[in-house]
Novice: 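Here's a structure for you.
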Amino acid sequence: ALTGHKGWGPVWRDPAPKSEYDYIIVGGGGHGLATAYYLAKQFRQARIAVLEKSYLGSGNVGRNTTIIRSNYLLPGNEPFYEFSLKLWEGLEQDFNYNAMVSQRGIVNLIHTDAARDAATRRGNAMILNGADAVLLDREGVRAMYPWLNFDDARFPIKGGLLQKRGGTVRHDAVAWGYARGADLAGVDLIQNCEVTGMRIENGRILGVETSRGYIGAKKVGVAVAGSSGRVMAHAGMRLPIESHVLQAFVSEGLKPLIDGVITFGAGHFYVSQSDKGGLVFGGDIDGYNSYAQRGNLPVIEDVAEGGMALMPAIGRARLLRAWGGIMDMSMDGSPIIDKTPIEGLYFNGGWCYGGFKATPASGWCFAHLLATDTPHPTATAYRFDRFLKGAMIDEKGQGAQPN
Ligand code: FAD
C-alpha cells in the first residue's frame, strides 16, 4: 500500500487453453492446485492444465475457517492427516510463499467421563501414528482459557485433548502459493473456464467440453469439492455425496483472547482468533441440500447458542461477517481419492467440512494416483468400493470434532 499499489506484476501467467494436455485437473481450489503443483514438481509430469470455472481460490479454499490438525482416530484416516500435517510444516519452504502456517495448538474439549475415555483412545491412536497429543485435565484447560464456561450445568468442562502441532493457515495464501508454484513449474492455470461436459468413447475419457471450447486430455482429475455431483454427472456417475452449505462467522476485531483453536465437545461450535483480532467461528452445516454459497438464519442462531454455552463473553462481541461454502458431504464423512470406471477419469472429493487441512496430502496423493495409477500408501482406504463393501470410515461416529 505504501507504493500506492503500483508496479505489482501478475504472480502467474494467464494462458489461453491449448487443444490438448496430458493431464487436466478440473477445479482451481486448494486440492486441484496442489494436485497440479505436485504432479509437475514431485512426479515430474508435464503438459498439465487446471481448469477453473471462476477465479482461482473462489471456492471453499478461500472460505474455510483455516484450521489444520491431524487428531483423527481411524486407521484409514490418521496416517493420511498426519502426512498432511507434516507437509504443512514444510510447505512454506517448499513453495517459497508465506502461507502463515501457525501451529498455535487445537484443543477439543471434554464434557463427560465417556468423552474422556474416547479422547484418550484417540490421543493414543494419534501417538501410535507419529502425531502428538496431550490429555488435559480441567485445570490444564483452565490455565489456557480461564474465561470458558467451566461450570455450565449441562456441559461442564472436564478436560481437553490438545494437539500442539495443530493450528491455522492463511487459506487464500495456500491457493496463491500452490498456484504460483504450479505456474512456475509450467502448469497452465486457466480461469473462467467451466467444464460443461465430458467426451467419453468406448469407456475412455478423451477430453472435456468447456465454456472456452473442447480440450483434449489423456487423463482428467476432478477436484471440484461442493460441485462434485454436478461435474461427475457429465460422466454419468452418481456419487455417494450430498452438497450442503457450511457457514463461517467473524466478529469485530478484539484484543488478543484466544491464542489457539478451541472446539466445543458437547455441541457444534469451534473458535479461533485471526491475526487481525476477529473471532473466527462456525458450527453445523445447513440442514438441506444446496449449491448456494450463502447460508440461512437457523444455523446462525444455532452456532450463536453453541458459542454462548461455551464462552458467554462472545455475546458482547458484534458479528462482522458471515459467508457460506458448498460442502461435498460423503456418506461416512471421509473422502474419496480414486479411479473411476471410466478409463483416464479420476476423482477427488467428499472432503465434507474438513478438507482444508487435507489440502497438501490430498494434492500429493491425487498426483500420485494420476501419475502412477496406484494409490499413495496413506490414501488406500479412500476408494469408491468401500460404500459397496460397507467398509465405511466413520470417523464422526467415533466422536471426532468438525473441521
Ligand atoms: P474449492 O476451493 O471449493 O475448489 C473447487 C473448485 O472447483 C472451485 O474453485 C470451483 O469454482 C471449481 N469448479 C466447480 N465446478 C467446476 C466446473 N464445472 N469447471 C471448472 N471448475 C469448477 N476444512 C478444514 O480442514 N478446516 C477448516 O477449518 C474448515 N472450515 C471450513 C469452513 C467453511 C465455512 C467451509 C465452507 C469449509 C471449511 N472447510 C474446512 C472445508 C474445506 O474448505 C474444503 O473441504 C476444501 O477447501 C475443499 O477442497 P478445495 O479447496 O479444492 O475446494
Side-chain angles (χ1 to χ4, degrees), residues 64-73 104-123 126 133-164 166-168 246-251 254 257-274 278-287 295 298-317 319 322 327 333 352-354 356-357 395-403:
N64 61 67
T65 37
T66 77
I67 299 166
I68 63 165
R69 59 184 173 89
S70 71
N71 52 3
Y72 283 70
L73 169 74
R104 52 183 69 191
I106 177 167
V107 63
N108 299 154
L109 296 175
I110 297 166
H111 307 270
T112 63
D113 293 341
R116 186 188 296 111
D117 289 348
T120 309
R121 185 171 169 230
R122 185 145 55 97
M126 290 163 63
V134 181
L135 194 66
L136 300 175
D137 62 10
R138 182 181 159 94
E139 294 316 308
V141 178
R142 202 194 294 276
M144 293 172 75
Y145 303 116
W147 39 262
L148 285 174
N149 190 8
F150 282 85
D151 298 314
D152 186 273
R154 298 162 301 168
F155 315 119
I157 295 170
K158 296 197 165 193
L161 183 65
L162 170 67
Q163 183 175 33
K164 289 186 183 165
T168 58
L246 180 69
Q247 302 187 57
F249 310 91
V250 177
S251 78
L254 304 173
L257 178 69
I258 308 176
D259 57 3
V261 182
I262 306 171
T263 74
F264 190 21
H268 230 126
F269 179 81
Y270 61 95
V271 62
S272 64
Q273 188 167 19
S274 80
L279 299 180
V280 181
F281 56 96
D284 216 344
I285 51 173
D286 280 37
V299 166
I300 301 182
E301 219 174 339
D302 184 65
V303 172
E305 282 169 4
M308 286 299 290
L310 182 66
M311 48 180 295
I314 203 170
R316 304 285 295 274
L319 190 64
M327 315 314 318
C352 304
Y353 32 52
F356 177 63
K357 72 178 79 64
E395 187 80 37
K396 197 171 179 203
Q398 304 287 338
Q401 307 292 319
N403 297 298

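Please read all numbers here as calculations on a predicted model, not as lab measurements.
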Novice: OG1/Thr65 to CD/Gln247 distance, rounded to the nearest 0.5 angstrom?
Specialist: 12.0 Å
Novice: Atom CD1 of Ile110 and atom CG of Leu136: how far apart are they, to the nearest 0.5 Å?
Specialist: 8.0 Å
Novice: Would you please test Asp284 and Val303 for side chain to side chain contact (heavy atoms under 4.5 Å, CB included) and show each step?
Specialist: CA-CA 7 Å; Asp284 216 344; Val303 172; 5.8 Å; no
Novice: Measuring from Leu254:CG to Ser274:OG, what's the distance to the nearest 0.5 Å?
Specialist: 9.5 Å
Novice: For a quick test of reading the model, state the closest non-hydrogen atom pair linking Ala266 to Phe155 and the distance between them.
Specialist: CB-CD2, 3.3 Å
Novice: Please state whether the rings of Phe249 and Phe281 are parallel, tilted or perpendicular, taking 30° and 60° as the class boundaries.
Specialist: parallel
Novice: Name the residue from Val261, Ile258, Val280 that meets the side-chain contact (heavy atoms from CB on, under 4.5 Å) definition with Val271.
Specialist: Ile258
Novice: Flag the pair Phe264 / Tyr270 as yes when their ring centroid distance falls below 6.0 Å, and as no otherwise.
Specialist: no
Novice: For Leu109 and Thr263, run side chain to side chain contact (heavy atoms under 4.5 Å, CB included): C-alpha distance rounded to whole Å, both residues' side-chain angles, the deciding distance at 0.1 Å, then the answer.
Specialist: CA-CA 6 Å; Leu109 296 175; Thr263 74; 5.9 Å; no
Novice: Hey, what do you get for CZ (Phe356) to OG1 (Thr168), rounding to the nearest 0.5 Å?
Specialist: 8.5 Å
Novice: In plain terms, say whether Asp137 and Arg116 are close enough for a salt bridge, that is, a side-chain N and a carboxylate O under 4.0 Å apart.
Specialist: no
Novice: For Gln273 and Asp259, test the side chains for any donor-to-acceptor distance below 3.5 angstrom and give the result as yes or no.
Specialist: no
Novice: Determine the minimum heavy-atom distance between Arg69 and Lys357, stating which atoms define it.
Specialist: O-CD, 3.3 Å
Novice: Enter the distance from Tyr72:OH to Met126:CE here, rounded to the nearest 0.5 Å.
Specialist: 11.0 Å
Novice: Should Lys158 and Asp113 be marked as a side chain to side chain contact (heavy atoms under 4.5 Å, CB included) after you check the CA-CA gap, both sets of side-chain angles, and the distance that decides it?
Specialist: CA-CA 8 Å; Lys158 296 197 165 193; Asp113 293 341; 3.5 Å; yes
Novice: Quick one: closest heavy-atom pair of Ile157 and Arg138, and the distance?
Specialist: O-NH1, 3.0 Å
Novice: Before giving the answer on salt bridge (charged side-chain N to carboxylate O under 4.0 Å, His left out), spell out for Asp117 and Arg122 the whole-Å C-alpha distance, their side-chain angles and the decisive distance to 0.1 Å.
Specialist: CA-CA 9 Å; Asp117 289 348; Arg122 185 145 55 97; over 6 Å; no
Novice: Quick check: do His111 and Asp152 have side-chain heavy atoms less than 4.5 Å from each other?
Specialist: no
Novice: Would you check if the side chain of Gln163 reaches a backbone N or O of Gly105 as a donor-acceptor pair within less than 3.5 Å?
Specialist: no
Novice: Which atoms form the tightest heavy-atom contact between Ala119 and Leu135, and what is the distance?
Specialist: CB-CD1, 4.3 Å
Novice: How close do Leu73 and Glu395 get, counting heavy atoms only, and between which atoms?
Specialist: N-OE2, 2.6 Å
Novice: Measuring from atom CG of Asn149 to atom CZ of Arg154, what distance do you get when rounded to the nearest 0.5 angstrom?
Specialist: 8.5 Å
Novice: Per the side-chain contact (heavy atoms from CB on, under 4.5 Å) rule, which among Asn64, Ile285, Asp286 passes with Met327?
Specialist: Ile285
Novice: Would you say Ile314 and Trp147 make side-chain contact, with heavy atoms under 4.5 Å?
Specialist: no
Novice: Could you go step by step and tell me if Ile262 and Leu310 meet the side chain to side chain contact (heavy atoms under 4.5 Å, CB included) rule?
Specialist: CA-CA 10 Å; Ile262 306 171; Leu310 182 66; 4.3 Å; yes
Novice: Is there side-chain contact between Leu161 and Val107, with heavy atoms separated by less than 4.5 Å?
Specialist: no
Novice: Please determine if Arg142 forms a cation-pi arrangement with Phe150, meaning its NZ or CZ atom is less than 6.0 Å from the six-membered ring centre and no more than 45° off the ring axis.
Specialist: yes
